[in-house]
2 protein chains.
Amino acid sequence: MDPIVYVVDDDQAMVESLSWIIESVGLKVKTYTRAHEFLDTYDPAQHGCLLLDVRMPGMSGPELQAKLNAQASTILPIIFISGHGDVPLAVRVMKAGAVDFLTKPFNDQVLLESINKALRIDKQNREKQQENAQAEAKFAALSPREVQVLQGIVAGKQNKVISAELKISLKTVEAHRASVMKKMGVKSVPELVKLVLTNGVAAHELPSEE
Amino acid sequence: MDPIVYVVDDDQAMVESLSWIIESVGLKVKTYTRAHEFLDTYDPAQHGCLLLDVRMPGMSGPELQAKLNAQASTILPIIFISGHGDVPLAVRVMKAGAVDFLTKPFNDQVLLESINKALRIDKQNREKQQENAQAEAKFAALSPREVQVLQGIVAGKQNKVISAELKISLKTVEAHRASVMKKMGVKSVPELVKLVLTNGVAAHELPSEE
DNA sequence: AAAAAAATTAGGGTTAGTACTAACAAAAAA
DNA sequence: TTTTTTGTTAGTACTAACCCTAATTTTTTT
């Protein structure tokens, strides 16, 4: 699916102007004049980026940003658009993760470059997120015991050490180990370690490293 | 060594005011009234953070930031201080990695919190950098052949596969492998993989993963 | 030229891990 | 209640890796 550039601005003329510029380079646009309107219909699965006005009746741009940030599933890059120079506000939204903060009037080229950057970031985020999700799905399919054995393997412990710690026989550990390798879809320990390490798999579940 | 809060501002009264606030919480301060003055005497090994005025005679704050960013060794977190609200400038320096951008007049507490955050970031950066440096030092001690074998191990290849690829005997690979483990200071393959992966060791040297 | 480091190979013994099959009990799900 | 999953253990054969010593050649450094 093509990425969508969402435009949220209460100024109808501005929305149309932005749409025209964005569509002129072949990008898809969806426009909204109210923040909650966007929030209610937004599908996090759709990739793209968000052009967001700061000052709007009802929910403001920064408020919408805060709500989106609160949703763990959302990683939509945001470009703010502002008519008035409010430095503290600009700094705050940038610290909150905005990709850019443009003040009117701005050059079309500047806007388009910022959008391209936002779309690149979104693409990267989603690729990484998908990798993580796949790894997490595999991990979730492991039984509790298999998880314990996985932790031992990644920690570099030998099977006999794991068996002693879990108070089970070496043979049982070997069986779980084989099962872990199969379920995680890897053929070597280094692959397994990489999968766990680079995909934040069970970061909360793998405590002691000693 | 204690961290040092560097203050670079051409306004002598401002420098004194800032020093007083910072010293009141027990932090060390070094002040400069010219950017190049700081740049000439700054020791990247010293940890701390930088309070930097935007507008100054000679080199401006953002110019100094650019020069520091250009030095790979520098990771000093920067807090900008500005008397005039220039949104595009604030956004630019924030995108360039500044920790904060404060506009006068600002609350003492806000300043101190920002400084604390900057110092925390600096501490984290330096710890990570030191880890990386240690890993890189170990890696640098490996002979070319040992590096090739290391790549094979981390890629999950068996010794016989490595020996075939490098057209050397299995025994030779075993010898190099033992040497690699010893020089890298690890006792298991998972530890080795973690060391290489989380410390960017030879990211430019480990190409094919296939 | 002499010394040191790196790369190569080998043998022998030990330990660790894999592959495959098989079995049984307990717990969870259908 | 029957089926499935999970956890447990065992045997056997095979493969891979580790530890140790030792030797030769090549390259690099002094």
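Here the structure is a predicted model, which is why all the values come from computation and not from measurement.
A donor-acceptor contact shorter than 3.5 Å links the side chain of H47(A) to the backbone of M1(A). Within the 3.5 Å criterion, the main-chain N or O of Q46(B) finds a donor-acceptor partner in the side chain of R126(B).
Look at CG on L170(B): it is 11 Å from C1' on dT9(C), rounded to the nearest Å. In this entry the distance linking CZ of R177(B) with C1' of dT15(C) reads 14 Å, nearest Å. Following rounding to the nearest Å, L192(B) (CG) and dC18(D) (P) show an atom-to-atom distance of 11 Å. As a whole-Å value, the separation of M181(B) CE from dC18(D) C1' is 10 Å. Taking atom CD1 of I168(A) as the reference point, atom C1' of dA10(D) lies 14 Å away to the nearest angstrom. K160(B) has its NZ atom 14 Å from the P atom of dC14(D), to the nearest Å. Nucleotide dA6(C) holds its P atom 14 Å from the CZ atom of R145(B), rounded to whole Å. Atom CD of Q148(B) and atom C1' of dA6(C) are 13 Å apart (whole Å).
The residues E63(B) and K67(B) are annotated as not salt-bridged, no charged nitrogen and carboxylate oxygen being separated by less than 4.0 angstrom. Here K157(B) pairs with E165(B) in a salt bridge; the nearest charged N to carboxylate O distance falls below 4.0 Å. Look at K194(A) and E191(A) and you find no salt bridge, because none of the NZ, NE, NH1 or NH2 atoms lies under 4.0 Å from a carboxylate O.
Residue T172(B) is in base contact, counting any heavy-atom pair closer than 4.0 Å across all strands shown.
A close approach under 4.0 Å does occur between a side-chain nitrogen or oxygen of H176(A) and OP1 or OP2 of dT8(D). OP1 and OP2 of dA16(D) both lie 4.0 Å or more from every side-chain N or O belonging to N159(B).
For K171(B) and dG12(C), a side-chain-to-base donor-acceptor distance below 3.5 Å is present, hydrogens and geometry of angles not being considered.
Of the candidates dA16(D), dC19(D), dA16(C), the closest approach to any side-chain atom of E174(B) belongs to dC19(D).
Each of A178(A) and Q158(A) was assigned the nucleotide of DNA chain C with the nearest heavy atom; the assignment lying further toward the 5' end belongs to Q158(A).
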